[in-house]
Each structure stands twice: as structure tokens, then as C-alpha cells.
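One structure is given here, and the rest of the page talks about it.
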There are 2 protein chains.
Amino acid sequence: MPERPTGLRRPTVARRRRRAQPARPTGPPVPLNRSIMGNMADSTKASNAASPASARTVRRRASITDVAKAAGVAVGTVSNVLNKPDRVLPATRERVEAAIAELNFVRNGSARQLRAGTLTSVGVVVLDLSNPFFTDVARGIQDRLERDSFTLMVAGSDEDLDRERRYLRLYEEHGVQGVIVSPATDDIDHVLAVRERGTAVVLLDRPSPVPEVASVAVDDVAGGRLAVEHLIAQGHERVALLNGPHTIRQCRDRREGAAAAMTDAGLDPEVALEEITVPSLTPDGGEAGIRELLALPAAARPSAVFCVNDLVALGVLRTLRRDGVAVPEEIAVVGYDDVTFAAELATPLSSVRQPTLELGTRAADLLFRPEGSAPEQVVFSPELVIRESSTTSPLEAGSP
Amino acid sequence: MPERPTGLRRPTVARRRRRAQPARPTGPPVPLNRSIMGNMADSTKASNAASPASARTVRRRASITDVAKAAGVAVGTVSNVLNKPDRVLPATRERVEAAIAELNFVRNGSARQLRAGTLTSVGVVVLDLSNPFFTDVARGIQDRLERDSFTLMVAGSDEDLDRERRYLRLYEEHGVQGVIVSPATDDIDHVLAVRERGTAVVLLDRPSPVPEVASVAVDDVAGGRLAVEHLIAQGHERVALLNGPHTIRQCRDRREGAAAAMTDAGLDPEVALEEITVPSLTPDGGEAGIRELLALPAAARPSAVFCVNDLVALGVLRTLRRDGVAVPEEIAVVGYDDVTFAAELATPLSSVRQPTLELGTRAADLLFRPEGSAPEQVVFSPELVIRESSTTSPLEAGSP
DNA sequence: ACGTCGGGTTGAAACGGTTCAGACCGTATC
DNA sequence: GATACGGTCTGAACCGTTTCAACCCGACGT
């Protein structure tokens, strides 16, 4: 049979020419037996030879009207049973509820939302779905949202502006109550536009550039500074920074903090801080970055590496270990995010910890803040957790 | 000057009545005075004289009718521009597009879906949002979905049946095209009911018990067997299984495989396989589990631990290391899932690998399968990755 | 007995799109 | 010149809810 990937319903040409049959004196408007599962049902012409008689009559989903009819009440009453049960007589309610069960009624959320204008869901766009940092944040958001029985739609932009835009638009079209987004780039006009059109917006992991927009962030400059101050204190005078593109604000800020720490220590960042841009913020990206560094003669290369996140650091540690480079003796490593496994690695990884869960719950909180209250811009402070990857004498600096 | 909406609207909000006003003058689009965002009373006090844009009254989100009016065409034409651009004259199209841009029009997804009956989104319910295994699967799903520009709503049930039910219902109400769900329990009647009502369903990480439902799974019995066969081959005669509750299918199956491996080797699972149920499938759960084991006198305890997933194994390794128990000499450890960091741990972790990404893409594929085709039930085979945590000679997987 | 009150119920309007039969119109055909 | 035809565009019906003015009716106060 013709392979038709049924998912895509984009109206490719396929125009139906159905010259109307001449004046068909039909009686009452015959109800189109349209399948609910619009795009799954195809024209019957390509009916699979071996198709089992799956002539499963597609029953129309029962509507509130059907329920009303079955229960012998008005639609308004059914609606009341659904939404304000106390306004309806117990006897009536029971009858309606029986009908609902009988007909297997499931309320149509679209109609509900269209009329009521309200939808209890929130959209989130994060930079990377497979980064534990963001999934932890997402979990925080979900926990908070659940309190008000909101639902969460999550999507990852993979640091792609277009994708970010697409998801935001989709959320908006579907009428989410709010969006929480960690923008991929500096350009957040499209995010502001969403807000301008009336959807609550919270910026995640990035301070808001405008006062009207709420945001939740961690001070990345401070984080970068913490990491590099520590490395300097350990005696390192040249540090490599495995960083993402500067279009990502977190990357830029962490670098800025790193540079500031250098300057404070009387070092010139221009020479003491060697920045390497990794191809992706993943272990593989980290591997690529560190290889670049290893290509230099040992004498010429920095003695410490500051990785913009723990996934990158993971790749770095992996590569160094494979290549037999001693950590921290030959090269010290500091990561960022302090993901769960950081402490348990072959060489326990020093890392800048961010309050992920709280970041999430706070972001969700801001979505719920009372109308009229001034937008809040929360900034958390990061914290350095020192482990073996950056020092031979691990200080007791953090909890487990 | 009414401020922009700052927070989420609570589900009950008084709406403006349009019907009330009598003869509507046909002049220019009259901006309604009452904000659609509900009664914001006078929030004038907090008006920071910021954006000049907000000096204007909060306008109702532009509707397709507004666009039509502005462009001087019929609503049907606007709809066509949106959905079937090739059916409309370029000149007209441009005019409409200009109006759309002008009015900042965003199509209302609910109305669209209500009428068209189609929504391009898919709901996913996984057991645990913070388990890398599931986020990797989710990523696979997203990748596949993106090809058809579908969106993904993800939620975590935390192994709670009620939560699973709630999310499924929400997805259904919102009219998703399909759901992908990894059920928390054996009871999946509610899932089947969803399908019965006309929404495509794919079971994730669990073979379908009924032929009409598609599923994507990995053979967990085989996985459990692989792990324990390996441990037996390493000379272990008693193995502890740190498992989750048997209400979870995966846990049960992995145990079954483990027991089968025992039997095959002539060992009695009743004595040779010590199952410990962890309080949660997390590192902390693993810690609790292994502590229970460590409480036994060294002679009385199993010499190997098979963990139902890598997060649990992580907690086990962490605890053993803290307590100075040598891995694998005193206790060997095998995990499950082969998460990214498994190879990079202090003691690289042997683990049963599942094809996560493919699991996801395949699940999404099944959602898109053509209508008549028989539901597929895909089962992948797991694979054991042997590392130091279970053997001192990692390269040697065969006989001792 | 009569007016008032108020909880329960009704029924239709409205939400904002998509759909499609038909109006309209310019062109090709006979 | 009349007819047929095909492409554009129009406008009203329709999707399934929520909402609310109006209605009903029994209880209550006077």
C-alpha cells in the first residue's frame, strides 16, 4: 500500500474537486460521519488488502448535549454538574453522573477553553532536555504547578532560536496560561511579544532585561568567579574555559566572572584565560574541546579547565582519563551545575552548584503571583562544591 | 492606565459580556474597555511609567474576524491564507498578511481544534522525569515528532497511578492526537479506555498485554538474565537484587530474568537471590537498600548487587565507597540503563544498556502508523556492558 | 391571599476558528 | 453571443463548551 506517513497533515495540494451535485433536496442536515482522529483516517481508496475488518465504527465522542439528552436535563445543568456541583440538586446530579458514566463522556477541553478562555497549563522551553540541570528545574516547576493542578508541557530548544520561537508560538496558540522559557539567545523580542499579547512570561535562568518581565536566575558571573578564584587559589595561573557560544548568556556571564576573578588576582585574562568554544554543550563537545587543548605542547597549555557545565566536564574527564592525563595533578577540572553524579565520578568533580529545584518552584511561583504585583526578578547565588578534580586536598566546602 | 497582566488567571474569571451592549456601531474596531484578562480593577497604582506601548488599553487578542475586517476580505479568506495559501491570490494574500502582522494576530488553537478536530500534539507520561533513561526516550520521541511538527507534552507520574490517570485525562480532554505512556502499574484499564475512546495509544517500556494496542519495550527478562548470568560467570553465588516494587512491570521482569539465570546455573533463586525493595528508584533509595545489606555480617551477605537502574546503582556505589567497601572485590555491582555517566564513575559501572533513543523514535513512529495497519509490538533486546564494577578483568566477558 | 425571595433549571448566545456550497467573474469554446 | 468552466472569494453553519438572563415554583412573611 502507498506509504503515507499519516502524521503530516499539511495541506499539500490535494484539492478536492467535488462539483456539487445538483440541488440535492436532502432532508435534515445529514451529520457527516467524520472521524475524530482526523489525520489517521485516510481516504478509503488505499484500503489495505490484509486490513482486518477494522470497520470499527468510529463513534463520535459523546458531547455534553448527548449527556443532557440521556439524563433528561438541559445542557446548562450538565455543565453545572461538571463545574459547580453544589448548585445542582443531588438527585439531578446523580442522574447526570449516571449518564456521564454510561456514555463514557470526556469533556472537550478545546471547547471548554474556547468558551471559558481558560486553560490550566503552562509551557516550558528549556535549552536542553537531556541536561539534568534543566530536567531538575522542570521537576521543580512541575511540583509547584501540581499544587494548583496545572499541567506542564515541556520542550527543548536545543539552543536553537527557531525552535524556541516555534514552541512559544504553539504554546500561545494553544492558550497556555503562561510560559517559562530559558532563551537561547539575547534576542528575546519574540518572548516579550508573547507577554505583550497577554500571556504571562517568566524568564528562566536569565535575569530579565526589562523591568516588566519576571525572571528567575542564578548569578552566573558570581559562579564563574567562584570557580576561577578557587583555581587561582590552588595555584593555577592559566585556565582554559570550555565554553559555549557567547550568544548564550550563561556562557558569556560565566566567562565574565572568570575573567573578573583573574583581574582581581592581578592576572590578565587576555593571557591567563584561554577560551575554547565547544561544538556542543555535551560530553562529546567536552571531548572535542579538551582535545584541542591537548594538542598543545604540555608546557604551553593551561593547568586547569573550567567547564561551562557538568556534561562538558564529563567529556573532559573521560578524555583525560583515556589519555592518561592525571587529574588534578596535570590538569585540574571544575564543572558547573553539580549534577547528581558529579560527586561519584572516577575523579569527583568540583562544580558550581545551582539551586535547581528551587529555581523551578520559584519560576512557577512567579507565574502565580497575584495580579498587579510588580514583576519579580529573583537571582539566586551559586555555591562552589570543591572535590578532588581541582585539588589534592579536598576541603570540606560543601555538603555531600 | 491598566497594567499588563502579571499573573495567571485563576480558572474562574468574570468575562465581559458583549451581548449586553445594544446596537453595535460599525465604525472602526472599537477596543473594548474591559480587558479580556478579567477584572483588574484599578491597578493603576503600580503603573511604572515604563513602556509607552502599555499606555494603550489592553486590547483583546485579535481574532480572525478582526483581520478580515482590516484586510477587507471575508473570514473564510483569512482562514485560507492561513491554511491553504495557494488557493488565494497573491495580492489578496499579501493584504491579509499585512493585516495579520499589523494586528499581531495569533490564531486561537482551541477554536481551530474545536472545529477542525485536529491537534498536532502528543502527550507522554513517563515514570520519572528525573531519570535520564526516560528523558533520553523523551528526546527520541521529540526528535521523531518534530519531523511532523508535532509538539510534545511530557509529564512524570512518579510511579503514581493517580497522577498517571490525571495526566492521561488531561491529555485526552485537550484532544491530543496520541499518548505514549509507561504505565506505573499492571492496571492499565484506564489507558485502554483512552484508546477505546479514539485516541492513539502506545505503551512505552512495557509490552502490550492486548493485541490491539501498540507498544515499544525492551526485553526486561532478558536484561535481568544478562546481568545475573554475568555475575554468576564471575563466580558469584549469591546476588542481591535492589529492586523497586513488583507493581512495576519492569521490576518484576528483571527479577524474573535474574531468577531464571540462577535456575539455569543450577542455583536456587530462593536462597541465591536476595531481593531488597528500595524505598525509591533514586540514588537515595539505592543507599537505603545497600545499607540494609551492609547491616548483615560480611559472611552472610551476597557478594554481588544487581540494581534495577543506574540511579539506584549510583547510590549504592556512593555508599560503598564511603563505607570503604571495595568494588568489585568485596561487592560487585551491576546497574541497568547504561546512562551517560556510567562509564565515568569512580568505579565504572557495568550496566544493561537499552536503546533509549530508538525506543523513543519507534514509539513515536507507532503513533503515526497508517490507520488500517495492525498494531505493532516492538521489543528490543538489551545488551550488557561490562565494566570494572563487576569484574577486575573488564575485557573478558566469557568464561573465567 | 398575595407579594417576595431564592434556589434549581432552562435555553440560547457566544467563543474563534474551519468548512463548503454557492456567488462572482474572467476566459476559452462552440 | 451564449455557454461552460475553473479559479477566487464570500458568508453562514458548525464544533462543544460556559455563561447568564429568564423562568419556574415552593417557602416564607405579612
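Remember, it's a predicted structure, so these values are computed and weren't measured experimentally.
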### Task
Check whether the side chains of B/Asn104 and A/Arg197 place a donor and an acceptor atom closer than 3.5 Å, and report yes or no.
yes

### Message
Under a 3.5 Å cutoff, is there a donor and acceptor pairing between the side chains of A/Ser157 and A/Glu164?
### Response
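On atom types as modelled, these side chains do not qualify, holding no pair under 3.5 Å.
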
Rounded to whole angstrom units, what separation is found between the [atom1] atom of [X] and the [atom2] atom of [N]?
{"X": "A/Lys84", "N": "C/dG7", "atom1": "NZ", "atom2": "C1'", "value": "14 Å"}
{"X": "B/Arg93", "N": "D/dC9", "atom1": "CZ", "atom2": "C1'", "value": "15 Å"}
{"X": "B/Arg107", "N": "C/dG16", "atom1": "CZ", "atom2": "P", "value": "15 Å"}
{"X": "B/Arg61", "N": "C/dG17", "atom1": "CZ", "atom2": "C1'", "value": "12 Å"}
{"X": "A/Lys69", "N": "D/dT17", "atom1": "NZ", "atom2": "P", "value": "13 Å"}
{"X": "A/Arg112", "N": "C/dG16", "atom1": "CZ", "atom2": "P", "value": "17 Å"}
{"X": "B/Ile64", "N": "C/dG17", "atom1": "CD1", "atom2": "C1'", "value": "6 Å"}
{"X": "A/Asn108", "N": "D/dC15", "atom1": "CG", "atom2": "P", "value": "12 Å"}

### Query
Looking at B/Leu367 and B/Val179, what are the two nearest heavy atoms and their distance?
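Result for this residue pair: CD1-O, 4.1 Å.
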
### Query
Which atom names give the shortest non-hydrogen contact between B/Leu204 and B/Pro183, and what distance separates them?
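Looking at all heavy atoms of both residues, the shortest contact is O-CD, 4.0 Å.
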
Counting side-chain heavy atoms from C-beta on, which of [options] comes nearest to [X]?
{"X": "B/Leu114", "options": "D/dC9, D/dC15, C/dT18", "answer": "D/dC15"}
{"X": "A/Leu82", "options": "D/dT10, D/dT18, C/dT18", "answer": "D/dT18"}
{"X": "A/Arg115", "options": "D/dT17, C/dT10, D/dC9", "answer": "D/dT17"}
{"X": "A/Val88", "options": "D/dA13, C/dA14, C/dT9", "answer": "C/dT9"}
{"X": "A/Ser79", "options": "D/dA13, C/dT9, D/dT19", "answer": "D/dT19"}
{"X": "A/Ala116", "options": "D/dC15, D/dT19, C/dT10", "answer": "D/dT19"}

#### Entry: Side chain to side chain, A/Ser182 and A/Val125, heavy atoms closer than 4.5 Å
no

### Message
With a 4.5 Å cut-off on side-chain heavy atoms, are B/Asn80 and B/Val96 touching?
### Response
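Contact flag for B/Val96/B/Asn80 side chains = no.
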
### Task
Mind checking salt bridge (Lys or Arg N to Asp or Glu O under 4.0 Å) for B/Glu146 and listing every partner two or more places apart, or none if nothing turns up?
A/Arg163, A/Arg166

### Query
For A/Arg93, which residues count as a salt bridge (Lys or Arg N to Asp or Glu O under 4.0 Å) partner, sequence neighbours excluded?
none

Given [N], is OP1 or OP2 found less than 4.0 Å from the side-chain N or O atoms of [X]?
{"X": "A/Thr92", "N": "C/dT9", "result": "yes"}
{"X": "B/Thr77", "N": "D/dT10", "result": "yes"}
{"X": "A/Asn80", "N": "D/dT18", "result": "no"}

### Message
What's B/Val75 touching, base or sugar-phosphate or nothing? Going by heavy atoms closer than 4.0 Å.
### Response
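Base, at least one base heavy atom under 4.0 Å.
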
### Query
Looking at five pairs on each end of the helix from C/dA1-D/dT30 to C/dC30-D/dG1, what is the angle between the two axes, given to 10 degrees?
50°

